[in-house]
Amino acid sequence: MKFGIEVPKTVNKALALDKKNGNTLWADVIAKEMKDVKVAFNILPDGEVAPTDYQQILCHMVFDIKMKDFRCKARLVAGGDTTDIPKVMPYSSVASQKTVRLALMTLAAPNDLEVKAGDIMNAYVTAPVTEKIWTVLGPEWGDQQGKKAIVVPALYGLKSSGAAFRAHLADCMRHCGYTSCKADPDLWLKSTTDMKLEPSIIRMSSAMLTTSW
């Protein structure tokens, strides 16, 4: 129970609550989440098995209620706690609060730069996965339940997903002409035509950009 709303722990329980309440509240958020994350799975043909060097994991839905507007939320996550420890460092850096203040007060404000902030939806599934993972589809997949699938992009819950997304986003920033600051690698700088610096800050799936447009 959260904010007076019963929060389910499984997909079957969520659908049972919808039936009990006479609505499709949880079914709708499950459908929305599945529409966004289906790209993360390569469903294998019947009878085909995953390569022997791939690890099997379980995926499950996590349900929550947003405090801002009491909106229901569903997120499909991987059971990354059951996988082997990655051979590469899974650490992902985050811009510090001092860097945010520095960018706003010493770079953006004196140069009359407009500050824009945004959130990257389903951020992890935009990055390629670095672990070899496969799973059996659960009840949230409807008539595809029970089929085997290989996880292709990074997925919430995997040990290396944060680092994989950070590396993918860094490649995108470099492609857009930004250079990572040596003092804080999550502060990105770009020179404008009038020789001004436009700082951009990345805090995992959130971004703060400045522009002279």
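Computed from a predicted structure; not experimentally measured.
At a threshold of 4.5 Å between side-chain heavy atoms, the hydrophobic network of Ile, Leu, Val, Met, Phe, Trp and Tyr places Leu17 and Phe70 in one connected group. Under a hydrophobic-cluster definition in which Ile, Leu, Val, Met, Phe, Trp and Tyr are linked whenever side-chain heavy atoms come within less than 4.5 Å, directly or via other members, Val37 and Val129 are assigned to the same cluster. Under the 4.5 Å side-chain heavy-atom criterion for Ile, Leu, Val, Met, Phe, Trp and Tyr, Leu189 and Val115 are members of the same hydrophobic cluster. Hydrophobic cluster membership is shared by Val7 and Val29, with clusters built from Ile, Leu, Val, Met, Phe, Trp and Tyr side chains linked at under 4.5 angstrom. No continuous path of ILVMFWY side-chain contacts below 4.5 Å connects Leu58 to Val77, so the two sit in separate hydrophobic clusters.
Residue Ile65 comes nearest to Trp26 through the heavy atom pair CD1-CH2, 3.7 Å, listed as atom of the first residue, atom of the second, then distance. When every heavy atom of Thr83 is checked against every heavy atom of Ile57, the shortest pair comes out as CG2-CG2, 3.2 Å. Scanning all heavy atoms of the two residues, the minimum distance from Pro139 to Asn12 falls at CB-OD1, 4.0 Å. Heavy atoms only, all atoms of each residue included: Leu137 and Ile43 are closest at CD1-CD1, 3.9 Å. The minimum heavy-atom distance between Gly177 and Lys190, with the atom names listed, is O-CG, 3.7 Å. Nearest heavy atom pair, residue Met34 against residue Met61, reads SD-CE, 3.5 Å.
Using a 4.0 Å cut-off between charged side-chain N and carboxylate O, Lys32 and Asp36 make a salt bridge. Arg174 has a carboxylate O that lies under 4.0 Å from a charged side-chain N of Asp171, or vice versa, which qualifies the two as a salt bridge.
Here the side chains of Lys132 and Pro51 are not in contact, with every heavy-atom distance at 4.5 Å or above. Two residues are said to be in side-chain contact when any heavy atoms from C-beta on lie closer than 4.5 Å; Thr10 and Lys13 meet this criterion. Counting only heavy atoms from C-beta outward, the side chains of Ser180 and Pro185 approach each other to under 4.5 Å.
Distance OG1/Thr135 to CD/Gln56: 6.5 Å, rounded to 0.5 Å. The distance from the CG atom of Asp64 to the CZ atom of Arg71 is 10.0 Å, given to the nearest 0.5 Å. Distance OH/Tyr124 to CG/Asn122: 12.0 Å, rounded to 0.5 Å. Rounding to the nearest 0.5 angstrom, the gap separating the CH2 atom in Trp134 from the CG atom in Leu44 is 8.5 Å. Put simply, CG on Leu158 and CD on Gln55 are 9.5 Å apart, with the number rounded to the nearest 0.5 Å. Rounding to the nearest 0.5 Å gives a distance of 5.5 Å between SG of Cys72 and CD1 of Ile5.
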- Message: Please determine whether side-chain contact (heavy atoms from CB on, under 4.5 Å) holds for the pair Cys176 and Trp188, giving the CA-CA distance in whole Å, both sets of side-chain angles, and the decisive distance to 0.1 Å.
- Response: CA-CA 11 Å; Cys176 293; Trp188 295 81; over 6 Å; no
- Stepwise side-chain contact (heavy atoms from CB on, under 4.5 Å) check, Leu76 with Phe41: CA-CA 12 Å; Leu76 183 66; Phe41 297 85; 3.8 Å; yes
- Task: Starting from the C-alpha separation in whole Å, work towards a yes-or-no answer on side-chain contact (heavy atoms from CB on, under 4.5 Å) for Glu131 and Lys159.
- Result: CA-CA 9 Å; Glu131 300 177 61; Lys159 292 183 176 73; 4.0 Å; yes
- Message: Set out, in order, the CA-CA distance, both residues' side-chain angles and the distance that settles side-chain contact (heavy atoms from CB on, under 4.5 Å) for Ile120 and Leu169, then state yes or no.
- Response: CA-CA 10 Å; Ile120 303 172; Leu169 187 57; 4.3 Å; yes
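A donor-acceptor contact shorter than 3.5 Å is absent between the side chain of Lys73 and the backbone of Val62. Counting only distance, with no hydrogens or angles, the side chain of Asp184 and the backbone of Asp186 share a donor-acceptor pair below 3.5 Å. Although no hydrogens or angles enter the test, the distance criterion places a donor-acceptor pair under 3.5 Å between the side chain of Ser161 and the main chain of Leu155.
Side-chain contact, Asp18 with Thr24: no donor N or O sits under 3.5 Å from an acceptor N or O.
Among Arg75, Lys38, Glu140, the single residue meeting the side-chain contact (heavy atoms from CB on, under 4.5 Å) criterion with Glu33 is Arg75.
Counting non-hydrogen atoms of other residues, nucleotides and ligands closer than 6.0 Å to NZ of Lys2 gives a total above 12.
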